[in-house]
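Sending over a structure as structure tokens; questions will come in a sec.
Just so it is clear: chains get the letters A, B, ... in the order the sequence lines come, proteins before strands, and each one is counted from 1.
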Amino acid sequence: MKDLLGQWVDGMVGQLRAAGVVPDGPLPAFKIERPKERGHGDFSTNAAMVLARVARMKPRDLAARLLETLPADQQDIERWEIAGPGFINFFVSAARLRRQVHAIIDAGPDYGRSHMGQSEKIMVEFVSANPTGPIHVGHGRGAVTGDVLCRLLTATGYQVHREYYINDAGRQINVLGRSVLHRCRERLEHSSHPLPADFYPGEYVSDILDAMPEELRQSLHAWLASTQPHKEEETVLAATTRFAIDWVLDDIKKDLARLDIHFDHWFSERRLHEQGGIDHALNVLRSKDLIHDGLLEKPKGGAERSQDPWETRKQPLFRATAFGDDVDRPLQKPDGQYTYFAADIAYHLNKYERGFDRLVNIWGADHGGYVKRVEAALEGLTGKKGILHVLLVQMVNLTRNGQPVRMSKRAGNFVTLRDVVDQVGADAVRFWFLTRASASQLDFDLDLAVARSNDNPVYYVQYAHARICSIWRQMEEKGIHAGTLDAGSLSLDAELDLIRYLDTYPETVALAAIHLEPHRIVFYLQDLAAMFHTYYNATRILDDDPQVRMGRLALCQAVRQVIVNGLQLMGVKAPEQM
RNA sequence: GCGCCCGUGGCUCAAUAGGACAGAGCAACGGCCUUCUAAGCCGUGGGUUGCAGGUUCGAGUCCUGCCGGGCGCGCCA
């Protein structure tokens with residue numbers, strides 16, 4: 001409906017332009033919006049105010065001229081007015097609103113979907129947690145956010161590709177293998193050894209050992225039993241590590257599947273190395289003279305934490321400062337290995353070369369410091385700005401009994417995502433993660449969520465849906481035939497307001513996709529549910545008058561459809577009974 | 001010290017691409033179940049949007065500077 005108004009106002013301005021009231025050439029942008037205040041109509045435009053300057057007229061006078069061009073024969077706008085400093089307010093007719101109910105019912109699951117994205121290819125990379133242990137609650141928030149973003153972008157006409165970047169190269173990964181070895185040795189010798197500082201202590205390390213194929217276990221034992229430094233150390237460790245990664249990845253996949261989160265592709269960093277992706281990316285950078293040998297200043301913070309003294313040496317650096325980063329970034333470690341950043345450059349070039357128009361990354365807030373350099377690299381590689389959108393998802397503050405639960409992978413006392421899903425259920429976890437903008441920190445209280453109290457927001461929305469379903473069950477019991485739904489009798493303020501709000505749903509979906517803000521849908525659903533609950537409490541749906549009943553049933557059907565569509569976008573179930 | 005994020009009733013958060021009088025929930029208090037599910041509804045209080053400037057017809061929203069909180073700051077991933 002908003003689009004329709006937009007066309008009209010464009011037409012009105014066009015006529016004034018033809019009449020010479022408004023000059024040719026580019027005009028300042030005006031817009032159509034829905035006023036917060038009901039008394040200001042269903043739609044309003046600031047066109048007269050924005051154009052007043054170029055038209056050399058007072059805003060209100062210009063508004064009057066604009067309205068003279070409004071077609072007289074239309075039925076959709078009941079009345080209009082000039083208000084305040086020069087707003088033009090439009091009031092949609094009740095007949096038009098009633099038709100909207102049928103439009104929603106007819107569109108069904110497609111209501112809210114659009115072709116806005118024009119099949120643009122967009123990759124969303126999310127979760128990408130290191131395969132060194134189970135994913136925790138923080139990852140879960142990123143996972144749900146990414147998943148819903150994908151659903152949103154798909155619904156608005158983008159071609160979406162979901163990807164998980166596996167950090168299966170580098171030191172951390174070997175530490176996982178060594179941790180398994182360590183656990184194996186303990187078992188073999190029936191004793192416990194002090195765990196080296198950075199080894200993984202979690203229970204799952206034993207699980208990995210248990211799941212190990214006999215053959216690999218044997219070679220492990222053989223190697224551990226030998227007193228001499230074993231020349232097969234590298235291969236045994238590599239095989240163990242490989243197995244451990246696969247096990248953990250499989251574990252992660254299961255956790256994500258519990259939340260109905262799936263990926264199109266799991267991209268291996270190791271493979272990127274093996275296939276020369278990094279050399280390729282660095283060659284591209286070199287060809288553009290974006291790598292130079294330079295010295296790196298000792299960083300300000302963090303240095304205190306490190307035991308190793310800072311050593312200044314000449315090394316290849318990416319010219320990140322040419323693209324707005326603070327310092328040029330190193331590409332190689334002292335031992336000649338590539339840095340994580342070098343691999344990241346290669347990975348993002350790889351994404352680009354696979355033909356994606358836009359890249360979205362969902363990162364934890366603790367990776368915020370890397371945004372600039374990756375953006376810089378991508379701009380350097382492609383010459384284009386703004387391909388990459390990094391969405392930083394802030395921390396989840398987990399509490400239990402009001403006490404903060406510490407989450408540290410190293411300390412081994414983190415709460416896994418699985419724990420939380422087990423306790424709270426997938427629907428509540430998903431919904432809860434979406435109740436805040438991702439840039440805001442999120443408090444997640446396990447007790448509250450476990451308690452299944454009224455504070456749990458998902459029930460509120462699901463309940464609205466279940467209530468509507470129950471009306472149909474009620475009809476069945478009473479032997480009332482639904483017949484053909486007809487919104488014609490709807491006339492209460494509450495009913496028309498409800499329709500107006502239903503009408504905003506497609507805009508909300510579009511804006512959520514444009515801004516990459518899934519939480520907007522959750523807020524919408526909560527508001528819609530609230531409006532419905534109010535209406536339901538005040539109005540008898542199954543009225544004795546068949547005409548009235550038909551209308552209300554039609555409205556309920558439309559509300560139900562929008563709730564279903566919205567929950568579907570959130571990946572949350574819409575139970576028919578609660 | 002530098003970078004990013006955040007700052008809105010007692011608490012947790014909204015506020016539609018800068019729009020008209022800043023809204024919900026929780027908490028507090030008072031009401032509503034012989035009629036479609038009370039996991040619900042209605043009502044009452046509660047705000048100088050951290051502070052100070054600036055841009056604009058108009059600022060919670062944009063710019064600058066402070067203040068407060070979070071995250072990050074080898075050549076870890």
Original post:
Side-chain donor or acceptor of A:Asn89 under 3.5 Å from a matching atom on the base of B:A20?
Top reply: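 Under the 3.5 Å cut-off, the side chain and the base do form a donor-acceptor pair.
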**OP:** Would you indicate what A:Ala466 reaches in the nucleic acid, counting non-hydrogen atoms under 4.0 angstrom: base, sugar-phosphate, or nothing?
**Re:**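 Result for A:Ala466 = base.
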Original post:
If only side-chain N and O atoms of A:Lys36 are considered, is one of them under 4.0 Å from the OP1 or OP2 phosphate oxygen of B:A20?
Top reply: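 So the side-chain polar atoms of A:Lys36 do come within 4.0 Å of the phosphate oxygens OP1 or OP2 of B:A20, strictly under.
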Original post:
According to the Watson-Crick and G-U wobble definitions, with both distances under 3.5 Å, which nucleotide is paired to B:C4?
Top reply: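 B:G70 is the nucleotide pairing with B:C4.
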**OP:** Go through the N and O atoms of the side chain of A:Thr132 and the base of B:A77, and report whether any donor-acceptor pair is under 3.5 Å.
**Re:**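 No such pair is found, so the answer is no.
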Original post:
Contact class for A:Thr508 vs. all strands (heavy atom < 4.0 Å): base, sugar-phosphate, or nothing?
Top reply: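 A:Thr508: no heavy atom of the nucleic acid under 4.0 Å.
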**OP:** May I ask you to say what A:Ile514 touches in the nucleic acid, namely base, sugar-phosphate or nothing, with a heavy-atom cut-off under 4.0 Å?
**Re:**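 A:Ile514: base contact, heavy atoms under 4.0 Å.
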**OP:** With syn defined as a glycosidic angle within 90° of 0 and anti as everything else, classify B:G68.
**Re:**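 You should classify B:G68 as anti.
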Original post:
Under 5.5 Å between ring centres and under 30° between planes: does that hold for A:His40 against the base of B:A20?
Top reply: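 The base of B:A20 is stacked with A:His40 (centres under 5.5 Å, planes under 30°).
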Original post:
Can you find a donor-acceptor N/O pair under 3.5 angstrom joining the side chain of A:Tyr536 to the base of B:A38?
Top reply: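 No.
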Original post:
Rounding to a whole Å, what distance do you find between A:Leu555:CG and B:C36:P?
Top reply: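 To the nearest whole Å, that distance equals 19 Å.
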Original post:
With stacking defined as ring centroids separated by under 5.5 Å and planes differing by under 30°, is A:Tyr460 stacked against B:A39?
Top reply: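 It does not: the two rings, one from A:Tyr460 and one from B:A39, miss the stacking criterion.
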**OP:** Take the protein atom OH of A:Tyr370 and the nucleotide atom P of B:C2, then report the distance between them rounded to whole Å.
**Re:**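 The answer, rounded to whole Å, is 20 Å.
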**OP:** Establish, from distance only, whether the side-chain atoms of A:His367 and A:Asn361 form a donor-acceptor pair under 3.5 Å.
**Re:**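 No - no donor-acceptor pair under 3.5 Å links their side chains.
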Original post:
Looking at the side chain of A:Lys372, which of B:G40, B:G72, B:G3 is the nearest nucleotide?
Top reply: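 Of the options given, the side chain of A:Lys372 lies nearest B:G3.
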Original post:
Could one point to a donor on the side chain of A:Asn46 or the base of B:G19 with an acceptor on the other under 3.5 Å away?
Top reply: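 It does, because a donor-acceptor pair links the side chain of A:Asn46 to the base of B:G19 below 3.5 Å.
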Original post:
Which label fits B:C33, syn or anti, where anti is any glycosidic angle not within 90° of 0?
Top reply: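 Glycosidic conformation of B:C33: syn.
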**OP:** Remember a base hit wins even if backbone is also touched, and classify A:Ile471 as base, sugar-phosphate or nothing at under 4.0 Å, heavy atoms.
**Re:**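 The answer is sugar-phosphate, as A:Ile471 gets under 4.0 Å only of primed atoms, P, OP1 or OP2.
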**OP:** Calculate, to the nearest 0.5 Å, the distance between atoms CZ and NE2 belonging to A:Phe532 and A:His465 respectively.
**Re:**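 Rounded to the nearest 0.5 Å, the CZ-NE2 separation comes out at 10.5 Å.
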